[in-house]
Amino acid sequence: MSDKVDMAEAANEAPPAGVSFFDPALKAVRRRVYYLWGRTVLLLCVFILAVLSLFWASQFRVEKSYPALTIWVVDFDGQVEPYTNQTQTPIIGPAVTNLAQEIIDSPAITLGYTIKSPADFNYNPWAVRQGVYDEHAYAAVLVNANATALLYDAVNNGNTSYDPAGAAQFIIISARDETTYSNYIVPGLTEFANRLRTSFGPRWIQTLTGPNNRSLDLSRVPQAINPAIDVTTVDLRPFAPAIATPAVTIGLIYLIILAFFNFPFLMPIHALFIKGDHPPLKIPQWLLWRLLSNIAAYFFLSLFYSLVSLAFQIPFSNDPAPDTVPAANPNAYGRGSFVVFWMLNWVGMTALGLPCENMAMILGFPWSSFFLIFWVITNVATGFYALDLAAGFFRWGYVWPLHRIVEALRTILFGTHSRIGLDFGVLFVWIAVSIALFPIASLIMRWKMKRGL
């Protein structure tokens with residue numbers, strides 16, 4: 001009798017046999033699953049359309065924003081002593097400015113060429129370089145003060161050392177934003193140089209073959225005949241080496257992701273103070289512990305993130321260089337640059353991570369993944385691309401964490417124009433706001449946990 005009872009109890013305890021998907025017993029469940037599946041997929045679709053549109057929009061109609069890429073055209077030809085009283089009327093400077101004016105007057109959308117007077121720079125060509133370095137313009141076309149004088153000297157006196165590229169300079173600073181320069185600035189300046197040679201050459205030949213110059217021996221200095229003039233590119237801060245690319249671009253996405261995953265990995269450890277066979281830790285002290293321990297975790301995580309760049313020999317010990325002198329990898333803080341690099345990554349990871357932690361507590365999983373996607377997309381859209389080329393809507397990007405991190409990193413690694421005080425200041429504001437919201441987010445999380453949400 002007891003055996004029959006035991007068998008009956010075992011049968012009751014055994015899991016029910018599986019049924020087919022369309023079994024009538026699953027009718028209500030199927031309806032529920034269809035509804036939840038449809039709602040979730042619809043929500044994901046709307047989220048994709050809304051958030052990914054932010055990224056695409058940052059590059060939408062970039063061509064119409066070309067005029068925002070300011071390029072100064074400054075003619076010093078015959079404007080600086082001892083070339084102000086030369087017997088020959090300057091011809092190279094006017095050729096350059098006339099070409100620039102043609103481009104400006106053209107109905108086509110072009111780079112933002114702006115003709116500037118030498119007086120705007122106190123007749124000092126070095127001040128033009130300083131202006132480009134200080135990011136008042138993306139580039140400059142500078143006609144050298146001795147351009148016409150050297151050209152005439154070459155043809156009149158047979159100066160065989162004449163270099164056509166000494167007529168003018170393109171001043172750029174590609175480490176400011178290598179993508180913008182390689183995609184827009186450099187191709188635009190190359191086209192300018194080609195058009196300059198094409199327009200100047202025939203006129204120059206006509207001048208040389210005129211009745212007043214028939215006694216000239218044009219074979220002595222052929223380079224003064226063709227191409228006659230050219231342009232030298234002066235890159236004040238070249239973007240190199242290539243291994244630096246991850247540190248200021250795509251590698252920073254991992255900085256956000258690492259900061260985000262700090263929460264799910266450490267939260268079970270923090271919970272040990274609340275759960276277990278012991279009195280729970282007071283909530284204010286628990287919140288303080290979580291904040292301090294998270295910031296300490298970012299300290300070590302950012303160190304090892306920074307060590308990756310050091311291990312792959314990104315320069316961190318070069319001396320600084322003068323603003324107006326071309327230099328490859330001048331580190332803004334000399335041998336202390338790595339420490340500043342690490343501190344920036346620490347502060348940046350904290351500024352990126354604490355908002356993730358707050359949203360993880362407010363939204364819970366898996367919904368906090370939405371915030372991670374939003375956080376990555378908005379930071380990438382405003383950090384890796386020139387905001388001058390984006391619509392005015394994206395001006396909020398100037399205060400987004402990754403934009404400030406990228407700008408400060410370029411200063412540390414390449415010695416570009418420094419706004420590092422402002423960069424750190426914005427990041428500290430993000431941290432302060434996140435800390436202020438931290439207790440509120442924690443209360444929301446506890447409220448949801450008590451209600452099983």
| field | Stepwise side chain to side chain contact (heavy atoms under 4.5 Å, CB included) test for Thr411 and Arg419 | value | CA-CA 8 Å; Thr411 296; Arg419 297 187 186 89; over 6 Å; no
| task | Would you check, one step at a time, whether the test side chain to side chain contact (heavy atoms under 4.5 Å, CB included) holds for Asn358 with Phe438? | result | CA-CA 6 Å; Asn358 285 339; Phe438 193 83; 3.4 Å; yes
| request: Kindly indicate, with the supporting measurements, whether the criterion side chain to side chain contact (heavy atoms under 4.5 Å, CB included) is fulfilled by Phe121 and Trp72. | output: CA-CA 11 Å; Phe121 304 94; Trp72 290 335; 3.6 Å; yes
| request: Give the C-alpha distance, both sets of side-chain angles, the deciding distance and a yes or no for salt bridge (charged side-chain N to carboxylate O under 4.0 Å, His left out) between Asp323 and Arg129. | output: CA-CA 8 Å; Asp323 297 352; Arg129 291 192 180 194; over 6 Å; no
| task | Assess whether side chain to side chain contact (heavy atoms under 4.5 Å, CB included) is satisfied between Thr232 and Phe170, documenting all intermediate values. | result | CA-CA 6 Å; Thr232 298; Phe170 290 148; over 6 Å; no
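Side-chain contact between Pro322 and Pro330: absent, with no pair of heavy atoms (C-beta onward) separated by less than 4.5 Å. Using a 4.5 Å heavy-atom threshold, the side chains of Ile283 and Ile274 count as touching. Contact check for Phe384 versus Thr179: no side-chain heavy atoms found under the 4.5 Å cut-off. A heavy-atom distance below 4.5 Å is not found between the side chains of Phe414 and Ile173. Side chains of Ile405 and Leu409 form a contact here, defined as non-hydrogen atoms less than 4.5 Å apart. Side-chain atoms of Leu291 and Leu354, non-hydrogen and from C-beta on, do get closer than 4.5 Å to each other. With a 4.5 Å cut-off on side-chain heavy atoms, Gln313 and Ile243 do not count as touching.
Side-chain atoms of His403 come within 3.5 Å of backbone N or O of Thr382 as a donor-acceptor pair. Proximity of a side-chain donor or acceptor of Thr70 to a complementary backbone N or O of Gly112 within less than 3.5 Å is not detected. In this structure a side-chain-to-backbone donor-acceptor pair under 3.5 Å is present from Thr148 to Ile92. At distances below 3.5 Å, at least one donor-acceptor pair connects side-chain atoms of Arg237 with backbone N or O atoms of Gly415. Side-chain atoms of Lys64 do not come within 3.5 Å of backbone N or O of Ile109 as any donor-acceptor pair. In this structure a side-chain-to-backbone donor-acceptor pair under 3.5 Å is present from Gln223 to Tyr162. Side-chain atoms of Lys448 come within 3.5 Å of backbone atoms of Leu363 as a donor-acceptor pair (strictly under, hydrogens ignored). Counting only distance, with no hydrogens or angles, the side chain of Gln59 and the backbone of Leu389 share no donor-acceptor pair below 3.5 Å. Put simply, the side chain of Asn331 gets close to the backbone of Leu413: a donor and an acceptor are under 3.5 Å apart. Of the possible donor and acceptor atoms, none in the side chain of Trp400 sits under 3.5 Å from a partner among the backbone N and O of Gly383.
In this pair, Trp375 and Phe371 present their aromatic rings parallel. The plane angle is below 30°, not in the 30 to 60° band. Relative ring orientation between Phe341 and Phe316 is described as tilted, the plane-to-plane angle lying within the 30° to 60° band. A parallel orientation is assigned to the rings of Phe370 and Phe47, their planes being inclined by less than 30° (bins at 30° and 60°). By the 30° and 60° cut-offs, the orientation of the rings of Tyr133 relative to His417 is perpendicular.
Here the CG atom belonging to Asn98 is positioned 12.0 Å from the CD1 atom belonging to Ile91, to the nearest 0.5 angstrom. Here the CD1-OH distance, from Ile420 to Tyr333, works out to 3.5 Å after rounding to the nearest 0.5 Å. Distance check, rounded to the nearest 0.5 Å: CG of Asn226 to CZ of Arg197 gives 10.0 Å. We find the CG-SG distance between Leu372 and Cys356 to be 6.0 Å, quoted to the nearest 0.5 Å. Note that CG of Asn262 is 6.5 Å distant from CD of Glu357, once rounded to the nearest 0.5 Å. With rounding to the nearest 0.5 angstrom, the CG atom of Leu387 is 9.5 Å from the OG1 atom of Thr180.
Residues Tyr184 and Tyr66 bring their aromatic ring centres within 6.0 Å. Tyr152 has its ring centre less than 6.0 Å from the ring centre of Trp204. Taking the six-membered ring for Trp and the full ring otherwise, the centers of Tyr113 and Phe192 sit less than 6.0 Å from each other.
Within a 6.0 Å radius of OH in Tyr35, no more than 12 heavy atoms belonging to other residues, nucleotides or ligands are found. Annotation: Glu81, atom CD; neighbour count of heavy atoms from other residues, nucleotides and ligands within 6.0 Å is above 12. Within 6.0 Å of OH on Tyr254 lie no more than 12 heavy atoms contributed by other residues, nucleotides or ligands. Atom CH2 of Trp289 sits in a sparse spot, with 12 or fewer heavy atoms from other residues, nucleotides or ligands closer than 6.0 Å. Counting non-hydrogen atoms of other residues, nucleotides and ligands closer than 6.0 Å to OH of Tyr398 gives a total above 12. The number of heavy atoms from other shown groups lying within 6.0 Å of CZ (Arg203) does not exceed 12. Residue Tyr34 qualifies as enclosed at atom OH: its count of foreign heavy atoms under 6.0 Å is above 12.
Minimum heavy-atom separation, Pro355 to Trp430: CG-CE3, 4.3 Å. When all heavy atoms of Trp286 and Phe273 are compared, the closest pair comes out as CD1-CB, 3.8 Å. Contact record, Asp77 with Ala145: OD1-O, 3.6 Å, taken as the closest heavy-atom pair. Asn345 approaches Ser306 most closely through the heavy-atom pair ND2-OG, 2.9 Å. Residue Arg290 comes nearest to Ser442 through the heavy atom pair NH1-OG, 3.4 Å, listed as atom of the first residue, atom of the second, then distance. Nearest heavy atom pair, residue Phe239 against residue Thr245, reads CE2-OG1, 3.4 Å.
If you check the side chains of Asp75 and Thr97, you find no donor sitting under 3.5 Å from an acceptor. Using modelled atom types, one finds a donor on one side chain and an acceptor on the other under 3.5 Å when comparing Asp105 with Gln101. Using modelled atom types, one finds no donor on one side chain facing an acceptor on the other under 3.5 Å when comparing Tyr181 with Asp235.
Of the residues listed (Leu189, Ile115, Ile171), the one engaging Val141 in a side chain to side chain contact (heavy atoms under 4.5 Å, CB included) is Leu189, and it is the only one. Between Phe76 and the choices Asn124, Asn144, Val128, Val143, the side chain to side chain contact (heavy atoms under 4.5 Å, CB included) rule is met once, by Val128. When each of Phe304, Phe299, Tyr305, Phe300 is tested with Trp342 by the rule ring-ring contact (aromatic ring centres under 6.0 Å, His included), just one qualifies, namely Phe299.
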